[in-house]
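Below, all heavy atoms of this structure are taken into account, side chains as well, without hydrogens, waters or symmetry copies. Residue numbers start at 1 and run along the sequence shown. The structure displayed is predicted, hence computed values, not measured ones. One-based numbering, in listed order, for ligands and for the atoms of each.
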Amino acid sequence: MANEGSTINPFETAKRQVDIVADLLGLDDGMRQILKHPKRELTVNFPVRMDNGSYRVFTGHRVQYNNARGPSKGGIRYHPQVTLDEVRALAAWMTWKCSVVNLPYGGAKGGVVCDPKTMSKHELERLTRRYASEIAPIIGPEMDIPAPDVYTDSQTMAWIMDTYSSMKGYTVPGVVTGKPIGLGGSEGRGEATGRGCAYVIREAAPHAGVKVRGGSVAVQGFGNAGSVAAKLLHDEQGAKIVAVSDTKGGIYNADGFNPHAVEEHKMKTGSVVGFPGTKSITNEELLEIHTDVLIPAALENQITKKVAEKIQAKIVAEAANGPTLPEADTVLYERKVTVLPDVLANAGGVTVSYFEWAQDIQGFFWPLDEVNHKLEAIMVRSYNDVHKVSEARHVHNRTAAYVLAVQRVVDAITIRGIYP
Ligand code: NAD
């Protein structure tokens, strides 16, 4: 991830974003201070018994950024480079994302400084259970609901649910989302991010002068979010997938290819590269090819100002979190490229997490078509909300989404009032 964006402190960026929106909304200094401070932060240092019998102390964080609109919600990340400021920024962004799609949630995030690639499954289980027990006093279905993030998955969520439930003395499925289906997970959660992204592209296309049927699509990062978006755009909307990539590089064919066949090729060979009938391209070249829709679905900080000047796509739909740097946003806006920002374009994941939580609380589970139908309604409504603000205020979609999200949080804080 070594690029020009990697040295930026993400929490400074998150606070700058609040200031920009606060200026637009004319917020006073007191409200700005509230919006730029996490409400609650917990740092825990805890011992884990390693497989060789030794003990190691790990550090973890849980930050609840804002809960004015409801319990806080956000994933847990396991990574050697986790810092408190990164967790604060991610928690702030979760607050805005939940608000953009109007879920009754605030925002939170967690992280443990560790290198999961060098740990055994047993070590990861002990680390997860101990971290869960340390943060247990501040999580719960009515307080703060974690979910998977980088290097955590449905198994991690199952361990957290079991640890929390053991401490309570009864089973509490609603304490985390992203669980396996057999433990109270939701149908459709696995593909929700890509599906939500495909719905938002469909809604934006007419405003951006794009015909998705027969139109071309390039996807950087053929993983969970990117491959699902590609398959759904291909199968349900008749789009031509012309380029996809992964860490090993990209493939291109102007006439399009079948993303299901590419997925099979990737499963057999470990990469999309070498798929028959395509030409190899680099990840940088992928961002600059002539295409109707470009979906960054890999990492943050991919679209710099320089890259933005060369992008040929009419729509950039951010399945990834934070792929575009702020200077690049301005360039894309001036070049009339429609950006569908991450807080909108990848919010399908947290939306179906919300459905999972609601189903767990009711103890009543919905079939897949009901989940997808409800997801579609929320993504369509949210796109239209953002588009209206963008038109009315003459700002790009990211600013519009932030204006909408921050205003909703401000309204909740104002109506609730300050205690005492
Ligand atoms: P994933 O690990 O399933 O897929 C990531 C893909 O990106 C992999 O194919 C990987 O090979 C590729 N990749 C990694 N580095 C790359 C590089 N330098 N160039 C090109 N490709 C590269 O992860 P995911 O869950 O699909 O997440 C992808 C992005 O979407 C992340 O930014 C994540 O935060 C965001 N996101 C995911 C979800 C979700 O529900 N999965 C929800 C919201 C946001």
Side-chain angles (χ1 to χ4, degrees), residues 1-3 5-6 10 73-79 86 89-90 93-94 96-98 100-101 103 107 109 111 116-117 147-154 156-157 177-179 185-186 188-198 200 218-232 243-252 259 262-263 265-267 269-273 275 280-287 294-304 307 317-324 340-356 375 379:
M1 240 186 270
N3 54 36
S6 59
K73 183 95 191 77
I76 291 173
R77 175 172 294 199
Y78 288 175
H79 199 275
E86 180 192 47
L90 292 164
W93 292 329
M94 280 308 296
W96 315 136
K97 189 182 294 184
C98 290
V100 168
V101 285
L103 305 181
K109 204 83 182 190
K117 285 186 176 165
D149 190 66
V150 175
Y151 295 136
T152 57
D153 56 17
S154 58
T156 321
M157 296 306 112
T177 60
K179 297 180 296 296
S186 178
R189 175 62 186 89
E191 63 167 30
T193 303
R195 182 170 283 280
C197 186
V200 173
V219 182
Q220 186 201 42
F222 199 66
N224 177 336
S227 69
V228 171
K231 285 184 285 181
L232 291 173
V244 300
S245 69
D246 57 33
T247 41
K248 306 232 169 72
I251 54 171
Y252 176 66
V262 174
E263 189 170 50
H265 176 82
K266 187 177 160 98
M267 277 193 320
T269 66
S271 172
V272 299
V273 176
F275 180 68
S280 286
I281 55 170
T282 65
N283 266 294
E284 292 72 37
E285 286 166 341
L286 181 141
L287 296 174
L294 169 66
I295 306 180
L299 298 174
E300 60 269 34
N301 303 337
Q302 293 301 295
I303 304 181
T304 60
V307 173
E318 297 179 343
N321 278 313
T324 309
L340 300 170
D342 47 8
V343 286
L344 171 68
N346 70 32
V350 71
T351 301
V352 176
S353 268
Y354 162 57
F355 297 162
E356 179 177 334
L375 171 65
M379 298 311 295

Shortest protein heavy-atom distance from [atom], along with the residue and atom involved:
atom: atom 26 (O) of ligand 1; answer: A225 N, 2.8 Å
atom: atom 4 (O) of ligand 1; answer: G223 CA, 3.2 Å
atom: atom 21 (N) of ligand 1; answer: D246 C, 3.4 Å
atom: atom 22 (C) of ligand 1; answer: A298 CB, 3.5 Å
atom: atom 42 (C) of ligand 1; answer: T193 OG1, 3.2 Å
atom: atom 12 (C) of ligand 1; answer: G221 CA, 3.8 Å
atom: atom 25 (O) of ligand 1; answer: N224 CB, 3.7 Å
atom: atom 33 (C) of ligand 1; answer: N321 ND2, 4.1 Å

Heavy-atom neighbours of Y151 OH exceed 12 at 6.0 Å =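 Check fails, neighbour count at 12 or below.
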If we only count N/O pairs under 3.5 Å, is [X] in contact with ligand 1?
X: T247; result: yes
X: S245; result: no
X: A319; result: yes
X: N283; result: yes

Report yes or no: does R189 have a heavy atom closer than 4.0 Å to ligand 1?
->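 Yes; R189 lies near enough to ligand 1 that a heavy-atom distance drops under 4.0 Å.
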Shortest non-hydrogen contact from S245 to Q220?
->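 Nearest heavy atoms, S245 then Q220: OG-CA, 3.4 Å.
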Distance-minimising heavy-atom pair for I303 and P296 |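 Of all heavy-atom pairs spanning I303 and P296, the closest is CD1-CG, 4.1 Å.
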Is there side-chain contact between [X] and [Y], with heavy atoms separated by less than 4.5 Å?
X: W93; Y: N321; value: no
X: V244; Y: K266; value: no
X: L90; Y: P10; value: no
X: V307; Y: T324; value: no

Subset of ligand 1 atoms that lie under 4.0 Å from at least one heavy atom of L299 |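 The atoms of ligand 1 under 4.0 Å from a heavy atom of L299 are 15 (N), 18 (N).
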Which of the ligand 1 atoms, numbered from 1, are nearer than 4.0 Å to a heavy atom of K266 |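 Heavy-atom distances to K266 below 4.0 Å select 9 (O).
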Ligand 1-proximal atoms of A192, by part, heavy-atom distance under 4.0 Å |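 Within the 4.0 Å criterion, A192 makes no contact with ligand 1.
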Is a side-chain donor-acceptor pair under 3.5 Å present for T156 with D153?
->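 There is such a pair between these side chains.
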Charged N to carboxylate O below 4.0 Å: is that the case for E86 and R77?
->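 Between R77 and E86 there is a salt bridge, with a charged N closer than 4.0 Å to a carboxylate O.
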Is there a donor-acceptor pair under 3.5 Å between the side chain of S186 and the backbone N or O of R189?
->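 Such a contact is absent between S186 side chain and R189 backbone.
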